[in-house]
Peer 1: 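Here it is, the structure in full.
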Amino acid sequence: MSENSTNLTGITDSRYALMAAFVHGFIAIFGTLTNAVVMLTYLKWRRTMFETPRDLLIFTLALADCITSLFVAPIGMAASIAGRWSSGRAGCVWYGFVSTWMGLASILQLTGIAAERYFTLAHPDLRWSGICKKYARLFIALAWLVSGLTSTCPLFGWSKYDLEGIGLHCSIVWSASTLNYGSYSLFLLVFFFVIPLGLIMYFYTNVYFVVRRLSSEAESLWGADDMATRQTYIAQVKVARQLVLLTGMFLFAWTPYAVMSFISVANIIKPDKKTSVLPAVFAKMSYVYNPLVYFFTFKRLRRRSIQLFKRSTVQWRTNDM
Ligand SMILES: CC1=C(/C=C/C(C)=C/C=C\C(C)=C\C=O)C(C)(C)CCC1
């Protein structure tokens, strides 16, 4: 990874450049379109769709992925096609800043939603779900604000955004060569990866144990006549499963990048410039597959999106006649 590089021309290898061009192009088109469909569906049926904190979360995650696909991926594609960084210093800072902001906001929101699941299922006595619905908007706004402020630090001298890998994308300088770079890198890895990951694992492990205990006690707890309570419980567990999948997919995408960044900071081995492109590309693919996870797991969203698609096709045809 680059350390003190200020040379914004970049050196590339044609095979990696071709792959990066393809991935960036794919993200720019499909990431923007699929995430836009998710958001439009929510906005079209906003009265009924924003029922739970989970819906707000899906909307804001789709917004973050859409912003990155639309405003960052084309810059990466242009660089990959040119075989060198082609958007200057400002383009590099923009690329690094937006990618960092959106990524950090997503991990904070996924931690928040894991907490909501934990308190809803493990401590129903706290009536957390009611409180959470009320404060979900505030939490999401805070997550965006905190991650936004954190991402502006490199603009004010705490670390910096620079070319990474073979020079086709920009990120913060993952290095401990100076206290300035090292402290910011560690700050990000600890507060936006290790701690959120630890909390997410704690919350979902507890959810799992509560569900297991309650399932074995189900008969004696509810009896045969309290079907309503039982159905509510089953629905809550289903939601927890969907959210574990969503969070798991995000972490699946970002963990290789976080591990490679840690290896660079700890100076364990010096990652090869070419192969270090792969974790960054892999992380970006989550912008495209996240909407697919929403469509396949959230039935209501899927049904409404299909409805939206059918309506627009009918409208199109009518306008054509
Ligand atoms: C978003 C997460 C992280 C930080 C990512 C950063 C700083 C990304 C910047 C740019 C690019 C180009 C990324 C890849 O495409 C951590 C701190 C690594 C933790 C996981 C979530």
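Values reported hereafter were calculated over all heavy atoms of this structure, with side chains retained and with hydrogens, waters and symmetry mates removed. Residue indices begin at 1 and follow the sequence shown. All figures in this text were calculated on a predicted structure; none of them were measured in a lab. As the structure lists them, so they are numbered: ligands from 1, and atoms in each ligand from 1.
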Peer 1: Okay, side chain of Y161, backbone of V173: is any donor-acceptor separation there less than 3.5 Å?
Peer 2: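 Side chain of Y161 to backbone of V173, a donor-acceptor pair under 3.5 Å: no, none is there.
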Peer 1: Please list the nearest protein heavy atom to atom 4 (C) of ligand 1 with its residue and the distance rounded to 0.1 Å.
Peer 2: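 Nearest neighbour among protein heavy atoms for atom 4 (C) of ligand 1, to 0.1 Å: L104 CD2, 4.0 Å.
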Peer 1: To the nearest 0.1 Å, how far is atom 5 (C) of ligand 1 from its closest protein heavy atom, and which atom is that?
Peer 2: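 Among all protein heavy atoms, the one nearest atom 5 (C) of ligand 1 is W254 CZ3, 3.6 Å.
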Peer 1: At what distance is the nearest protein heavy atom to atom 20 (C) of ligand 1, and which residue and atom is it?
Peer 2: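 Atom 20 (C) of ligand 1 sits closest to the protein heavy atom F193 CD1, 3.6 Å.
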Peer 1: Under 4.0 Å from atom 1 (C) of ligand 1, do we find at least one protein heavy atom?
Peer 2: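 Within 4.0 Å of atom 1 (C) of ligand 1, protein heavy atoms are found.
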Peer 1: Keeping the roles fixed (side chain from S69, backbone from D65), state whether a donor-acceptor pair exists under 3.5 Å.
Peer 2: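 The answer is yes, because a donor-acceptor pair under 3.5 Å joins these two groups.
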Peer 1: Would a distance-only check, ignoring hydrogens and angles, find a side-chain to backbone donor-acceptor pair under 3.5 Å from N35 to Y287?
Peer 2: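 Yes.
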Peer 1: In ligand 1, which numbered atoms sit nearer than 4.0 Å to a non-hydrogen atom of G103?
Peer 2: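 Reading through ligand 1 atom by atom, the close ones are 1 (C).
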Peer 1: Can a donor-acceptor pair be found, under 3.5 Å and without considering hydrogens, that links the side chain of Q242 to the backbone of T297?
Peer 2: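 Flag set: sc Q242 to bb T297 pair under 3.5 Å.
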Peer 1: Sub-3.5 Å donor-acceptor pair from the side chain of N180 to the main-chain atoms of S159, do we have one?
Peer 2: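 Side chain of N180 to backbone of S159: a pair is present.
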Peer 1: In the protein, which heavy atom is nearest to atom 7 (C) of ligand 1, and how far is it?
Peer 2: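 Residue, atom and distance for the closest contact: T100 OG1, 3.5 Å.
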Peer 1: Hey, which atoms in ligand 1 end up nearer than 4.0 Å to a heavy atom of H169?
Peer 2: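 Those atoms are 12 (C).
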Peer 1: Backbone N or O of L155 within a donor-acceptor pair of the T152 side chain at under 3.5 Å?
Peer 2: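 No; judged by distance alone, with no hydrogens or angles, the pair does not exist.
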Peer 1: Going by the atom numbers of ligand 1, which of them fall below 4.0 Å from some non-hydrogen atom of Y95?
Peer 2: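 Once the distances to Y95 are compared, the set is 12 (C).
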Peer 1: Closer than 3.5 angstrom, by distance alone: can the side chain of W94 be matched with the main-chain N or O of F71 as a donor-acceptor pair?
Peer 2: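 Checking the backbone N and O of F71 against the side chain of W94, a donor-acceptor pair under 3.5 Å is found.
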Peer 1: Counting only heavy atoms closer than 4.0 Å, does ligand 1 sit against the backbone of W174, its side chain, both, or neither?
Peer 2: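 Near ligand 1, W174 shows its side chain, while the N, CA, C and O stay back.
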Peer 1: Select the closest option to atom 12 (C) of ligand 1 among C170, A280, G165, judged by heavy-atom distance.
Peer 2: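 Nearest heavy atom to atom 12 (C) of ligand 1 lies in C170.
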